Amino acid sequence: IAAASVMPDPRNAARLWVLGLSVDARHRQQGHATTLLRGIFTHAAERKLTVELSRFSEDGQAYLAPLVSRLHAELPDLR
């Protein structure tokens with residue numbers, strides 16, 4: 001239904017890379033991306049890691065960019 005690809009930056013232990021996030025088209029708008037990204041962002045904020053996102057696809061720009069902005073507002077400790 002949904003998957004995220006995340007890894008630590010091999011050159012910077014204080015950075016977490018979000019390489020990709022995908023939600024099956026039949027399951028969009030059901031909160032799956034929110035659950036995944038909130039978990040990733042919370043993990044990073046609790047450990048004082050910087051999160052670096054890959055660039056958005058067209059769908060990502062439409063669905064994920066607003067979500068990322070909202071989660072940044074909800075998690076003030078996120079870098």
Side-chain angles (χ1 to χ4, degrees):
I1 294 174
S5 177
V6 182
M7 70 177 278
D9 179 339
R11 291 183 218 102
N12 182 349
R15 181 178 298 142
L16 188 65
W17 287 341
V18 179
L19 303 173
L21 189 143
S22 179
V23 177
D24 184 285
R26 295 169 297 178
H27 298 280
R28 290 186 182 151
Q29 301 298 321
Q30 296 178 18
H32 301 299
T34 301
T35 299
L36 286 170
L37 275 181
R38 183 175 281 122
I40 293 165
F41 285 7
T42 299
H43 172 87
E46 289 171 351
R47 289 160 182 79
K48 305 214 183 317
L49 301 173
T50 300
V51 174
E52 185 172 317
L53 301 166
S54 63
R55 35 184 199 120
F56 293 118
S57 66
E58 277 186 44
D59 282 346
Q61 189 63 43
Y63 290 99
L64 298 176
L67 171 60
V68 168
S69 296
R70 190 174 83 232
L71 291 175
H72 269 285
E74 289 178 20
L75 298 164
D77 291 337
L78 184 63
R79 302 188 218 181

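A quick note: this is a predicted structure, and the numbers were derived from the prediction, not measured.
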For the residue pair R70 and T34, establish whether any side-chain heavy-atom pair is separated by less than 4.5 Å.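 Yes. Closest side-chain heavy atoms under 4.5 Å.
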Within the 4.5 Å heavy-atom criterion, are Q30 and I1 side-chain neighbours or not?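 Sidechains of I1 and Q30: no contact.
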Cluster link L53 to L36, ILVMFWY, side chain under 4.5 Å: yes
Single-linkage hydrophobic cluster, 4.5 Å side-chain cutoff, V18 and F56 together: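 Yes, one cluster joins them.
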Hey, can you pull the donor-acceptor pairs under 3.5 Å for the side chains in residues 3-11, sequence neighbours left out?
unit_1 : atom_1 : unit_2 : atom_2 : d
D9     : OD1    : R11    : N      : 2.8
D9     : OD1    : N12    : N      : 3.4
D9     : OD2    : R15    : NH1    : 3.0

Using side-chain contact (heavy atoms from CB on, under 4.5 Å) as the criterion, list what pairs up with L75, not counting sequence neighbours. F41, T42, L78
Of all the heavy-atom pairs spanning S54 and G20, show the shortest one and how long it is.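 Smallest heavy-atom distance, with atoms named: OG-N, 4.3 Å.
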Any chance you could measure [X], atom [atom1], to [Y], atom [atom2], to the nearest 0.5 Å?
X   : Y   : atom1 : atom2 : result
S57 : L64 : OG    : CG    : 7.0 Å
L16 : H43 : CG    : NE2   : 6.0 Å
H32 : L21 : NE2   : CG    : 11.5 Å

Contacts of type side chain to side chain donor-acceptor pair (under 3.5 Å), residue R38, not counting sequence neighbours: E74
Please assess V23 against Y63 for the test side-chain contact (heavy atoms from CB on, under 4.5 Å), listing each intermediate value before the final yes or no. CA-CA 10 Å; V23 177; Y63 290 99; over 6 Å; no
